[in-house]
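Here is the structure we will look at.
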Amino acid sequence: MKKLLVSVLLCSATVSVMAQKAKVSSAEENLKKQDLEKAKADIDAALQHDKTKNDAKTWLVDGQVLEAMGTKAKDPALALQAYDAYKKALEIQPKMKEAVLVMNQSMYNIYAVVANAGYAALNEQKWEPALNNFSKAEEVVSFYNKQELGGNLPTDTSLIFYTGYAASQAKQTDAALTYLQKAADLQFKGEPALYVILGQLYEEKGDNANWLKAIEQGKAVFPKDKRFNDMEMLYYTKTGKTAELLGMLEKKIAENPSDVQLQLDYAIRLDNLANPRDPNGNDAPKPANYNELIGKAEEAYKKVLAANPADAIANFQLGALYFNRAVVYNKQLNELDSKQQTSAKAKELQTSMEGLMNQSLPYFEKADESFTAKGASLDASDKQSYESCLYALQKIYAIKNQTAKMDEVKKKLDGLK
């Protein structure tokens, strides 16, 4: 009788195990039918049983069910539960054949749900939820690619950038630097803001070497974005290395005298040094060597135009050099009280202002002509310069009472907008 009892007990245990494995099979069948509630109930039962809760296949199916539920509901919490289930399956059986067949697409689906939740939070300026979801999406990719299951998820540099951006907005500087520097090292080309923010964070941290590196990376990827020249000027000014910068540029020009772009870059830098701006973009006090710098800039612009008279940027910049000096005189004139408006000083200021305005006019008109010739090929940086050029022309024509030309410029401005 004892043998019979043992035999019955063993039989019962076998039946129990088979019943729980049947639950796993039933979950798979219900998953195929998209009956996700039944599939989840079946797999939960298998996960609660001692005989199947440590089986890799059970966790794999649990991951598949949760993945389907999370994808259908676009629910990052469910998607991450699926991720945890898949991790558990691979922890139990790292090279399971079923995982090799399904895991690549499954991990991508999880990544997509979680990343999209991050973008939704980003659009609503919910920085911490955005950061959390982006970080988890990054973790999913990193984890899967380390498993060597026969496929890799591609590196999403946009996601890396936006993770860093969300971290910077959430004031989590260390995380922001990690992700933004990674995006920069991958030469992300989608947003110049990457290198602007990265430079600002390194500046705030007092890391001058990486501050300059971020500026140089930004210039290399976005050579026409003027912000990087301004950032570079700020760097060399704050670190007291402006003479070093100019020396480097002058050496390059001496080695490459026919490089017109290098000459233009040198002129713009001189101009920026002569007319510094604070971090908010407002005019800062002029340096003691202002006249020297502005004279060198004027000479360098003229060298560029001697080589290429139609250069739009050089014409605009030289026009702006004269125009901005005229604005200073105009401001001083407006600050005079009513009694002083007819004084010798007022006449002197008026004469100086009009002389510089007249000096700037032909360069702005030539820039207008050259920008117009470019038509639809104008990039964002050129459009910004062109818009500034047109505003200056509008101001000069107004002073000269040239109404027809003012109206023509207004039409061009409306066209740019």
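Since the structure is predicted, the reported quantities are computational estimates derived from the model, not experimental observations. Along the sequence shown, residues carry numbers from 1.
The main-chain N or O of Glu138 is never found under 3.5 Å from a side-chain atom of Ser142 such that the two would form a donor-acceptor pair. Looking only at distances, a side-chain donor or acceptor of Ser360 sits under 3.5 Å from a matching main-chain atom of Met357. Using modelled atom types, no side-chain atom of Trp211 and backbone atom of Leu201 make a donor-acceptor pair closer than 3.5 Å. Between the side chain of Thr52 and the backbone N or O of Ala46, at least one donor-acceptor pair lies under 3.5 Å. Formation of a donor-acceptor pair under 3.5 Å by the Asp271 side chain with backbone atoms of Ala267 is not found in this model. With hydrogens and angles ignored, the 3.5 Å screen pairs a side-chain donor or acceptor of Asn256 with a backbone N or O of Lys252. Formation of a donor-acceptor pair under 3.5 Å by the Asp337 side chain with backbone atoms of Gln340 is found in this model. A donor-acceptor contact shorter than 3.5 Å is absent between the side chain of Gln93 and the backbone of Ala89. No side-chain donor-acceptor contact under 3.5 Å links Asp259 to the backbone of Ile253. In this structure a side-chain-to-backbone donor-acceptor pair under 3.5 Å is present from Ser168 to Tyr165.
Around NZ of Lys395, the count of heavy atoms belonging to other residues, nucleotides or ligands within 6.0 Å does not exceed 12. Crowding of Glu98 atom CD: a count of heavy atoms from other residues, nucleotides or ligands under 6.0 Å exceeding 12. Within a 6.0 Å sphere centred on CD of Gln402, other residues, nucleotides and ligands contribute more than 12 heavy atoms. Around NZ of Lys40, the count of heavy atoms belonging to other residues, nucleotides or ligands within 6.0 Å exceeds 12. The neighbour count for Lys412 NZ, taken as heavy atoms of other residues, nucleotides or ligands under 6.0 Å away, is above 12. Around the OH atom of Tyr329, the shell of radius 6.0 Å holds no more than 12 heavy atoms that belong to other residues, nucleotides or ligands. Around CD of Gln384, the count of heavy atoms belonging to other residues, nucleotides or ligands within 6.0 Å does not exceed 12. More than 12 heavy atoms of other shown residues, nucleotides or ligands fall within 6.0 angstrom of atom CD in Glu335.
Here the straight-line distance linking atom NZ of Lys219 with atom CE of Met231 works out to 11.5 Å at 0.5 Å rounding. To the nearest 0.5 angstrom, Asp382 atom CG is 10.5 Å from Phe316 atom CZ. Atom CG in Leu47 sits 12.5 Å away from atom NZ in Lys23 (nearest 0.5 Å). In this structure, Leu159 CG and Tyr111 OH are separated by 4.5 Å, a value rounded to the nearest 0.5 Å. Met69 CE to Asp75 CG: the interatomic distance, rounded to the nearest 0.5 Å, is 8.5 Å. In this structure, CG in Leu198 is found 13.0 Å from CZ in Phe188, a value given to the nearest 0.5 Å.
Taking the side chain as every heavy atom from C-beta outward, Ile313 and Ser385 approach each other to under 4.5 Å. Residues Tyr144 and Ser106 fail the side-chain proximity criterion, which asks for heavy atoms closer than 4.5 Å. Residues Val65 and Gln81 fail the side-chain proximity criterion, which asks for heavy atoms closer than 4.5 Å. By the 4.5 Å heavy-atom criterion applied to side chains, Tyr322 and Glu298 are counted as neighbours. Using a 4.5 Å cut-off on side-chain heavy atoms (C-beta onward), Asn116 and Lys74 make no contact. Side-chain atoms of Ser135 and Thr163, non-hydrogen and from C-beta on, do get closer than 4.5 Å to each other. Side-chain atoms of Lys400 and Leu361, non-hydrogen and from C-beta on, do get closer than 4.5 Å to each other. Residues Lys405 and Glu365 have side chains in contact (heavy-atom distance under 4.5 Å, counting atoms from C-beta outward).
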(message) Pair Glu204, Gln200 - check side chain to side chain donor-acceptor pair (under 3.5 Å), show working.
(response) CA-CA 6 Å; Glu204 291 169 7; Gln200 290 170 343; over 6 Å; no
(request) Check step by step if side chain to side chain donor-acceptor pair (under 3.5 Å) holds for Asp368 and Tyr386. (result) CA-CA 7 Å; Asp368 177 16; Tyr386 189 21; 2.7 Å; yes
(message) Before you tell me yes or no, could you show the steps for Asn358 and Glu354 under side chain to side chain donor-acceptor pair (under 3.5 Å), namely the whole-Å CA-CA distance, both residues' side-chain angles and the distance that decides it to 0.1 Å?
(response) CA-CA 6 Å; Asn358 289 332; Glu354 290 179 357; 5.8 Å; no
(request) Please report the C-alpha distance between Ile294 and Asn275 in whole Å, then the side-chain angles of each, then the deciding distance to 0.1 Å, and finally whether the side chain to side chain contact (heavy atoms under 4.5 Å, CB included) criterion is met. (result) CA-CA 9 Å; Ile294 212 71; Asn275 299 285; 3.7 Å; yes
(request) Go through the steps to decide whether Gln181 and Gln217 satisfy the test side chain to side chain contact (heavy atoms under 4.5 Å, CB included), and finish with yes or no. (result) CA-CA 10 Å; Gln181 187 60 64; Gln217 285 179 312; 3.7 Å; yes
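Judged purely by distance below 3.5 Å, without hydrogens or angles, the side chains of Asp174 and Thr178 never pair a donor atom with an acceptor atom. Of the N and O atoms on the side chains of Asn132 and Glu128, not one donor lies less than 3.5 Å from an acceptor on the other residue.
Across all their heavy atoms, Leu122 and Ala166 have their closest contact at CD1-CB, 4.3 Å. Scanning both residues, Lys241 and Tyr235, for their nearest heavy atoms gives NZ-OH, 3.8 Å. Nearest heavy atom pair, residue Pro309 against residue Asn315, reads O-ND2, 2.9 Å. Across all non-hydrogen atoms, the minimal contact from Ala214 to Tyr202 is CB-CD1, 4.5 Å. The two residues Ala300 and Tyr266 have their closest heavy-atom pair at CB-CD2, 4.1 Å. Nearest heavy-atom pair, Leu264 versus Val304, reported as atom, atom and distance to 0.1 Å: N-CG2, 3.6 Å.
Of the charged side-chain nitrogens involved, at least one lies within less than 4.0 Å of a carboxylate oxygen, so that Glu369 and Lys366 count as a salt-bridged pair. Taking the charged nitrogens against the carboxylate oxygens, Glu299 and Lys296 have no contact shorter than 4.0 Å, which rules out a salt bridge. Taking 4.0 Å as the cut-off between side-chain N and carboxylate O, Arg227 and Asp225 count as a salt-bridged pair. Of the charged side-chain nitrogens involved, none lies within less than 4.0 Å of a carboxylate oxygen, so that Lys38 and Asp42 do not count as a salt-bridged pair. Salt bridge Lys88/Asp62: absent, no basic N to carboxylate O contact under 4.0 Å. One finds no salt bridge joining Lys383 and Glu387 here, because no Lys/Arg side-chain nitrogen approaches an Asp/Glu carboxylate oxygen to under 4.0 Å.
Taking the six-membered ring for Trp and the full ring otherwise, the centers of Tyr86 and Phe143 sit at least 6.0 Å from each other. For Phe134 and Tyr119, the ring centers sit closer than 6.0 Å to each other.
Among Val61, Asn30, Leu31, the single residue meeting the side-chain contact (heavy atoms from CB on, under 4.5 Å) criterion with Ile43 is Val61.
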